[in-house]
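Written below as structure tokens is the structure these notes are about.
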Amino acid sequence: MTKDVDRERVVFMNLIQNSLTSSDPGPGSSAGSGGGHGHPFTILLIEDNPADADLCQFYLADAFGPRVSVLQATQLAQVEALLEQHAIDIVLLDLGLPDSSGVTSVIKLRAITPDIPIIVLTGSRDQQLGVRVIREHAQDFCAKQDLSSAVLSQAIRHAMERHRMQAQYARILETNPDGMVVMSNDLRLLFFNQAASTMLGVRAPDDIGTPLSQDLMGEEGDELELPGGRVAEVRRATLDWNEAPATLIAYHDITERKKVEWKLKQLVQFDQLTGLNSRNHFFDHTDRLIAHVDREGGMVAVLYIDLDHFKNINDTMGHSAGDELLQHVGERLCESSRSSDFIARLGGDEFALVLSDVEQPDDAAHVAEKLIEVFREPVRVGESSVGIGLSIGIATYPHCGSCAQELYSAADTAMYQAKERGQNHYHFFSEQLQREVESRLLREQAVRQVVADETLWLAYQPQIRASDGQAVGVEALLRWPSDTIPVLSPADFIPVMEDVGLIERVGYWVMKQAALMAVETQRDLGITLRMAVNVSMRQLYDPGLFDQIAGILESTGLPPGNFEVELTESSIMADLDRTCETLRRLRQLGVSIAIDDFGTGYSSLSYLRKLPVDVLKIDRSFVMEIGSNRQTEAILENLLGLTRALGLCVVAEGVENDEQQAFLRGIGCDVLQGFHIGRPVGLSQFHGWLKSAGRESNE
Ligand code: C2E
Ligand code: CA
Ligand code: CA
């Protein structure tokens, strides 16, 4: 009750004050806005308190006179019907209604009247609330306590002005062909135009107030893929939207431009005559491969291919024949390369091949050799067939340059070196690479030849029991034919055989030959020896190894106990599961398993316990230090203690003098092998040694 009296008094005081100062907002005031220009307009007043409603009516009449008609609702529920029947210019909304209150009322009202300016009448002087209300799309607010004709008329003018401005904004944005979105700082959609609705698939009013999808936000300058496959360039600007900071995002449709760009790119990427990749594409692609190698390792090789004497053909047969020839060359290059190779026409009669799955320069040399070979066959041009030669320059990354351009120049230079050698040659950019590759390929050729000729032979090196000097074993070692240049040692030719895939075949021959020899020695001399053969990693992982050995033992009649397989630690460890299985089966058969070069690899004794192994061959590098390195001697002593515990037989390799032999015997080493005992020699020499050694050990 007292509250109402207070209110009455405040209102009365305001009335007096206003009538004293009211010079500005009177009816038809020139300062007026939409409502003040003299046109009649309609206000909807939503207010349930009759006293407040009357007061507002009074102020409105006071401010605008007969031009204003005021409709009144006492709750939100009545509003929709009124809006349907009347053209309302502005809404005055009380925040405390029987069916709705506070900010919710504004939101609800805004949903019903998206376009009509709203002025909120607040019961409190709460500024915060006012600001918040405005952000929820009302145009202005007035505290009821401060209400007067002047305040109200100013608020109405402001609201209408702001509304008009907003409508103009919206019209400008609406007619823009670019998609325009206004987004609040908490990323909700405040406004979007028709173009944005089409481009982004957002709909009004459902999507107003909802968050904008992250995919559609984009940063300044981004090219965004829109729903429906169109592409837009994004521009962003900050602005004030209803007095709150917001972001304007503009989407400029660049789909057509992109299509043209793509077509241009096609033109730029491919050579029109041959359909091969273009010169530009060659550089892009090579740079990409280089970046890949930087990340993942590996190597890139560029083969620069020049046709020998193409100019002659062009001059004598004409340009169209020249074109046809270039097309055929392109086809043949494609046919004779792998799908991973990149083939480009660099211009004129110059082509390039870029290889990415190469491991060493030799691989690139092989490709070059193959191409030269393939082009020995003449190319058909019209009715005639034309012989053409190739000159190929090779540059590799990272050896010969740091980018596509440098590789290109290097390969170009190398191509001229190739040309100097005459038609049908290739040349590496780096002289050192060229030499290495040449000698390696020479070696490879020699190895293939020797294998084809079957001129390799086996040397035999004896193994004796340390305690009494009795010959107990022999190791078979592969030998190069002495009359074949270059003379290669096993360390040279075994890796080549492994690389080119000949070791399986040669290895099989070694095992069979050795087994036969052991049987012969038993038969002719009555001496039983355990025959040890070296088995390389590739043989070990050949699934046929077990059957090969079983077959050899069966056909030669050599007891499995007299056959020993020597393997290195690294080949065993490469795939333990697979090797263990093979070794177990061999052992079951009775074959003994030796670890060769022990001490140079993992040298871990813990795994020895788990492996199916019988013999440990201590590497020569340890034996060498006996007499000069106390530490090595101590290690050997300890090692022998351990191997005894594991039940392993220990063979010492590379015994070269009495001191070593005495020491090894002293610490309990089982078997000795080395030049001091006997060098690896041919069969008859070995038999000779056996006879004299037998005599020695008998003495
Ligand atoms: P490895 O299995 O360790 O063979 C022992 C090597 O040491 C042999 O070299 C042998 O001649 C040498 N040697 C023996 N006693 C002494 C000595 O007292 N002092 C010195 N300085 N050297 C000694 P070789 O014959 O040149 O063989 C080298 C390697 O080639 C072998 O090492 C083996 O890994 C491999 N190899 C030889 N023959 C074959 C084979 O038939 N198949 C496979 N897969 N590899 C083989
Ligand atoms: Ca060996
Ligand atoms: Ca060895």
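In each ligand, atom 1 is the first atom listed, and ligand 1 is the first ligand listed. The first residue of the sequence shown is numbered 1, and numbering continues consecutively from there.
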Task: Ring center gap for His427 and Tyr416 short of 6.0 angstrom - done: no

- [ ] Step through it carefully: locate the ring centre of Tyr304, locate the ring centre of Tyr408, and say whether they are under 6.0 Å apart.
- [x] yes

For [atom], which protein heavy atom lies nearest, and how many Å away is it?
| atom | answer |
| --- | --- |
| atom 29 (C) of ligand 1 | Pro490 CB, 4.2 Å |
| atom 38 (N) of ligand 1 | Leu478 N, 3.1 Å |
| atom 19 (N) of ligand 1 | Glu656 OE2, 2.5 Å |
| atom 3 (O) of ligand 1 | Asp597 OD1, 3.2 Å |
| atom 36 (N) of ligand 1 | Ile494 CD1, 4.0 Å |
| atom 34 (O) of ligand 1 | Asn534 OD1, 4.5 Å |
| atom 5 (C) of ligand 1 | Glu653 OE2, 3.9 Å |
| atom 1 (P) of ligand 1 | Asp596 OD2, 3.9 Å |

TODO: Determine whether Arg578 and Ile572 make a side-chain contact, defined as any pair of heavy atoms from C-beta on separated by less than 4.5 Å.
DONE: no

Open item on the list: Quick check: Ile503 and ligand 1, any N/O pair under 3.5 Å apart?
Closed with: no

Task: Pair Arg620 + Asp597: basic N to acidic O under 4.0 Å - done: no

Task: Short N-O contact, Arg538 and Glu504, less than 4.0 angstrom - done: yes

- [ ] Quick one: sort the Phe686 and Trp689 rings into parallel, tilted or perpendicular, breaks at 30° and 60°.
- [x] parallel

Do [X] and [Y] have a side chain donor and acceptor closer than 3.5 Å?
| X | Y | value |
| --- | --- | --- |
| Gln417 | His425 | no |
| Ser489 | Asp492 | yes |
| Asn277 | His285 | no |

The Ca ion (ligand 2) is nearest to which N, O or S atom of [X]?
| X | result |
| --- | --- |
| Glu566 | OE1 |
| Asp596 | OD2 |
| Glu475 | OE2 |

Task: Pi-cation contact, Phe375 with Arg332 (under 6.0 Å, within 45°) - done: yes

Task: Arg679 to Phe675 six-membered ring, cation-pi geometry met (6.0 Å, 45°) - done: yes

Is any heavy atom of the protein nearer than 4.0 Å to [atom]?
| atom | answer |
| --- | --- |
| atom 32 (O) of ligand 1 | no |
| atom 27 (O) of ligand 1 | yes |
| atom 9 (O) of ligand 1 | no |
| atom 43 (C) of ligand 1 | yes |

Task: Taking every non-hydrogen atom, the tightest pair across Val533 and Ala514 - done: CG1-CB, 3.6 Å

Using a 4.0 Å heavy-atom cut-off, which part of [X] comes near ligand 1: side chain, backbone, both, or neither?
| X | answer |
| --- | --- |
| Glu475 | side chain |
| Leu477 | both |
| Val510 | side chain |
| Arg679 | neither |
| Arg620 | side chain |

- [ ] Check Lys617, Arg587, Arg530 against Glu564 for a salt bridge (Lys or Arg N to Asp or Glu O under 4.0 Å) and give me the one that passes.
- [x] Arg530

In terms of atom number and element, which parts of ligand 1 are under 4.0 angstrom from non-hydrogen atoms of [X]?
| X | answer |
| --- | --- |
| Gly654 | 16 (C), 17 (C), 18 (O) |
| Ser536 | 44 (N) |
| Pro680 | 11 (O) |
| Gln461 | 14 (C), 15 (N) |
| Val655 | 18 (O) |

Task: Spatial distance of atom CG (Leu586) from atom CZ (Phe563) [nearest 0.5 Å] - done: 9.0 Å

Task: SG on Cys669 to CD on Gln661, rounded to 0.5 Å - done: 10.0 Å

- [ ] For a side-chain contact (heavy atoms from CB on, under 4.5 Å) with Arg448, tell me which candidate from Leu502, Asp453, Val496 qualifies.
- [x] Leu502

Task: Of the N, O or S atoms in Asp597, the one nearest the Ca ion (ligand 3) - done: OD1

Task: Whether Glu653 has an N, O or S atom under 3.0 Å from the Ca ion (ligand 3) - done: yes

